[in-house]
Amino acid sequence: MADRIYYPNAELAKTSYCNSMDQYKKMHEKSIKQPEEFWSKIAKQFYWETTSSNDKFFSYNFNRNEGDIFIKWMEGASTNISFNLLDKNVKCGNGDKIAFYWEGNDIEDYSRLTYRKLLEETCKFANVLKSKGVQKGDRVAIYMPMILELPIAMLACTRIGAVHSVIFAGYSSDSLAERVLDSKAKVLLTTDGAWRGSKLLHLKAICDQAMDKVKSHGHNVESCIVISHLRRVTCPPGNTSDGGKTKNGTSNGSSSEVNLSWDDDRDCWWHEEMEDADSSCYPVWVAAEDPLFILYTSGSTGKPKGVLHTTAGYLIYAATTFKYVFDYKPNDVYWCTADIGWITGHTYVVYGPLANGATSVLFEGTPFYPQNDRYWSVIDKYKVSQFYTAPTAIRSLMKFGDDLVKKYNLDSLKVLGSVGEPINSEAWLWFYYLIGHGKCSIVDTFWQTETGGHVVTPLPGATPMKPGSASFPFFGVLPELLDEDGKIIEGEGEGYLVFRQPWPGMMRSLYGNHERFQTTYFDKFNGFYCTGDGARRDSDGYFWVTGRIDDMLNVSGHLMSTAEVESVLAEHGAVAEAAVVSKPHPVKGQCLYCFITPNEGKNFDKQLQDELKKKIRERIGPFAQPDIIHHAPGLPKTRSGKIMRRILRKIAVGDRNVGDTSTLADEGIVDLLFQLRPEA
Ligand code: PRX
């Protein structure tokens, strides 16, 4: 059944923006052959304070032999993103339209925000930022749960030309500090805390630790603005407030509060600052290629990469992919479950939907709280028409059985989206039949933090679907498959997935390190952007992304590098050496499998394993906790000392068929490692 082709629902196709493969092919061809014409027509839907001339609309260099890599769209144009997303929508009569339905961690907690109110709050907070000395080009770090103040804060940054750097609120204080330090953020925004299911996250306390660490490296965060979030939400049953003295602005004493330490010179409450802030703020017009945001993603050397996106190209690409890939229509309610701390949340919770005047759900909670049917209940509650989530979430919900889903109507759904990793056909079919009732299109969207928006994806009214295939390139995208020598693979085949030319939404650089940007993405194959993923093209021309082919792993849709985890493990006093590989996992997609060589005289025991797991949780974040720690008195290395990860991956899955081991310095180590394999 999985290799069957599933055609778009004819009803949906009737009204969709792109409703046939013929139309898709024509549009794609135009976008590649005449990119200026194609994108300038789209750009006309937005407001430009100054415009770009035709000869400067698009320029780039992907070839290092011809100088530095650069990508420029709409040179000479200037605009303001918050103006396009908010003022423009209010002016054209959408002021009273809901921009976001906010659904909290607890079902009792929900609210809504119209476009008019979002504009007002954005302007007020932009004025608060200005009062803290934030100016065009300054960096603002944001470490927050999924609450309405998060898009407000991001848009407030864009209002004044400041650059936001949102850091996922599941990261540890070390990871937060590293990112704040790299971007030299002037201001840090957070909340006192947040409930995640029935677990309390002490976000301000984590920020305090991070700010101390940043200070010890010579950088000072000048202001920390704190939202008093806990007092306004429901405290999960069985939990009470911490009791003690709280530093809380206007506590109404309703629910939970936490002890906060407070630096009067640096820390302030969001609600106090907002009280007297002016609700209008004239937008700062920024140049097309001025930075919009930095978003950190894992790098294979272990040091996170600050992916830099700029203004005009990102805006038109986010808007266009959202419109065509989700086929959003004016009365639809759209829901993307991704956290704004990741690129999916940036492009498809904030920028794409608002650029289209959409109504979205912003969800703070988890799929499992208070029950494992939360997603389905939210879909029915708001009559969601487009639902965008990750294969790992689908797989984790499949195991609770179909009855939990069948309690719900789910008939409002039209388009289902998947992102973050390849979707296995079992999960695809479950999504298609049980959630989509066999009438919704599934868009399996392949893209990356670096690509800014979808790059290989079906279009819901046009593309016949093959479960597990991201299918065809989006407008402006020209993928190729290359072999190890950089030779182009024509027709059917498998190789490195690369792109031949830039589309408007792709990254422009790595913050503060253009050289690393060039070597990471352009050195492997001169003239091409290298994704780091492998892909296969079938006889019908469909692309099937097979996963990373570098030292990155993808755990529940979180990308991390083996080097990052190894360097944390190696810091432990009992560890001489660590090697980390990925192992397939039924729910997470992949999990971390760590080989540890203890120092002379140190025991490899349960205590060490627990300490190592804890260390990873604390240093990187709970999502990075290893599943297996394997005792490795030695590692399989070549004579030149290179660890052969290919062999470790085989040992991790218990596959004795390890291939050629003749280049190993000590072939006996492979047998020993098999003997020491912990029972899976
Ligand atoms: O390996 C690919 C996988 O996720 C990587 C990008 O991760 P990140 O930058 O964190 O962004 C995730 C959200 C866009 C890719 O290099 N990936 C993402 N979507 C898919 C995918 N692999 C296969 N199919 C997808 N639909």
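Counting convention: from 1, in listed order, for ligands and their atoms alike. Just so you know, residue 1 is the first one in the sequence shown, and it goes up from there.
- Taking the six-membered ring for Trp and thresholds of 30 and 60 degrees, Tyr388 and His454 have ring planes more than 60 degrees apart, a perpendicular arrangement.
- Heavy-atom distances between Gly420 and ligand 1 reach below 4.0 Å in at least one pair.
- Numbered from 1 in the order shown, with element, the atoms of ligand 1 that lie under 4.0 Å from a heavy atom of Val419 read 13 (C), 14 (C).
- Applying the side chain to side chain contact (heavy atoms under 4.5 Å, CB included) rule to Cys440 yields the partners Leu413, Leu416; only residues at least two apart in sequence or on another chain are considered.
- Of the candidates Thr445, Thr531, Thr449, the one placing a heavy atom closest to atom 8 (P) of ligand 1 is Thr449.
- Among protein heavy atoms, the minimum distance from atom 7 (O) of ligand 1 is reached at Leu559 CD2, 3.5 Å.
- Scanning the protein heavy atoms around atom 25 (C) of ligand 1, the nearest turns out to be Glu421 O, 3.5 Å.
- Within 6.0 Å of atom CD in Glu494, more than 12 heavy atoms from other residues, nucleotides or ligands are found, so the atom counts as buried in its surroundings.
- With ligand atoms numbered from 1 in the order given, ligand 1 contributes 13 (C), 14 (C) to contacts under 4.0 Å with heavy atoms of Thr344.
- Residue-ligand proximity: Pro422 is placed with a non-hydrogen atom under 4.0 Å from ligand 1.
- Salt bridge present: Arg374 and Glu103 bring a charged side-chain N and a carboxylate O closer than 4.0 Å.
- Listed by number with element, the atoms of ligand 1 under 4.0 angstrom from any heavy atom of Asn554 are 3 (C), 4 (O).
- Shortest contact from atom 6 (C) of ligand 1 to any protein heavy atom: Trp447 O, 3.7 Å.
- For the residue pair Val498 and Cys530, the shortest heavy atom distance occurs at CG1-CA, 4.0 Å.
- Side-chain polar atoms of Ser509 and His514 form a donor-acceptor pair below 3.5 angstrom.
- Residue contacts with ligand 1 for Gln448 involve both N, CA, C or O and side-chain atoms from C-beta outward (heavy atoms, distance under 4.0 Å).
- The single protein non-hydrogen atom nearest to atom 15 (C) of ligand 1 is Asp533 OD2, 3.2 Å, given as residue, atom name and distance.
- Classification of the Tyr314-Phe293 ring pair by plane angle, with boundaries at 30° and 60°, yields perpendicular.
- Listed by chain and number, the residues in a side-chain hydrogen bond (donor to acceptor under 3.5 Å, both in side chains) with Lys588 are Asp627 (sequence neighbours excluded).
- Contact atoms of ligand 1 toward Val545: 22 (N), 23 (C) (distance under 4.0 Å to a heavy atom of the residue).
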